J.: 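Dumping the structure here so I can ask a few things about it.
Note that the coordinates shown come from a computational prediction; the quantities given were computed from them, not determined experimentally. Lettering follows sequence order; numbering is per chain, from 1.
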Amino acid sequence: MSKHYWLMKSEPDAYGWDDLVAEGEGTWDGVRNHRAANNLRTMEVGDEAFFYHSNVGREIVGIATISQAGLVDPTDPEGKWAAVKVKPVRKLANPVTLKQIKADPELAGIELIKLSRLSVAVITPEEWEHILAMSEG
DNA sequence: GCCAACGTTGGC
DNA sequence: GCCAACGTTGGC
């Protein structure tokens with residue numbers, strides 16, 4: 001399987017990029033949306049994900065990598081929901097804001113905007129490269 | 001099986 | 001603080 005790209009949302013007040021860096025590895029659990037959970041199940045070790053700050057900041061702040069995949073959510077007593085573990089890779093040179101993403105016609109189809117409430121979203125390789133270029137440009 | 005009511009998320 | 005979008009629940 002080829003590498004997939006993702007976008008994972010978190011409220012920085014609850015668990016932000018700095019928390020992930022401080023811990024070194026974070027468990028992505030507590031997802032109770034079927035589509036988001038399905039995305040979690042599709043993840044493989046080595047996939048990369050944008051780390052997005054929702055609510056406060058509303059911007060992509062860094063890149064994380066999937067360090068463990070296919071886990072059972074430890075917060076689910078029934079063991080039906082999925083979880084993964086992630087490690088920080090690097091902070092973006094410049095954060096890419098939701099405003100920038102919305103203003104860019106090339107990103108009009110991005111799942112982050114189309115399904116704005118999804119906590120784990122798909123990023124296409126094209127979107128990945130484009131957002132990286134925005135960060136560096 | 002339909003749909004109204006309600007709860008949650010997250011942008012503004 | 002408000003509201004739109006979406007998911008879930010429950011009455012019928």
J.: Grab the CG-P distance between A/D13 and B/dG11 for me, whole Å please.
T.: 13 Å
J.: Testing the basics here: between A/L107 and A/I101, what is the closest heavy-atom pair and its distance to 0.1 Å?
T.: CB-O, 3.8 Å
J.: In terms of relative ring orientation, are A/W128 and A/F50 parallel, tilted or perpendicular, with 30° and 60° separating the classes?
T.: parallel
J.: Nearest heavy-atom pair of A/K114 and A/A108: which atoms, and what distance?
T.: CG-O, 4.5 Å
J.: Which nucleotide sits closest to the side chain of A/H34: B/dG10, C/dC6, C/dT8?
T.: C/dT8
J.: OP1 or OP2 of B/dG11 sitting under 4.0 Å from any side-chain N/O of A/Y52?
T.: yes
J.: Is the A/F51 ring parallel, tilted or perpendicular to the A/H53 ring (thresholds 30°, 60°)?
T.: perpendicular
J.: Could you give the CG-to-C1' distance, from A/N55 to B/dG10, as a whole number of Å?
T.: 5 Å
J.: Take atom NE2 of A/H53 and atom C1' of B/dT9, then tell me their distance rounded to the nearest Å.
T.: 17 Å
J.: Send over the distance from A/K99 NZ to B/dG11 C1', rounded to a whole Å.
T.: 13 Å
J.: Taking all atoms of both residues into account, what is the closest heavy-atom pair of A/V120 and A/E111, and its distance?
T.: O-OE1, 4.2 Å
J.: Please give, in whole Å, the distance from B/dG10 P to A/K114 NZ?
T.: 18 Å
J.: Rounded to whole Å, how long is the line connecting atom CG of A/L115 with atom P of C/dA4?
T.: 18 Å
J.: Just the rounded figure in Å: distance from P of B/dG11 to CD1 of A/I113.
T.: 11 Å
J.: Can you name the closest pair of heavy atoms from A/V56 and A/P12 and give their distance?
T.: O-CG, 3.2 Å
J.: Determine the contact category for A/K102: base if any of its heavy atoms lies under 4.0 Å from a base atom, sugar-phosphate if only primed atoms, P, OP1 or OP2 are that close, otherwise nothing.
T.: sugar-phosphate
J.: Base, sugar-phosphate, or nothing: which does A/L118 touch, judged by heavy atoms less than 4.0 Å apart?
T.: nothing
J.: Output the rounded distance in Å from CE (A/M8) to P (B/dT9).
T.: 17 Å
J.: Given B/dG11, C/dC6, C/dG7, which nucleotide is nearest the side-chain atoms of A/R117?
T.: C/dC6
J.: Give the nucleotide from the list B/dC12, B/dG10, B/dT8 with an atom nearest to the side chain of A/K9.
T.: B/dG10
J.: Among residues 71-86 of chain A, which residues get a heavy atom nearer than 4.0 Å to DNA chain B?
T.: none
J.: Can you name the nearest heavy-atom pair linking A/D73 to A/R32, along with the distance?
T.: OD2-NH1, 2.8 Å
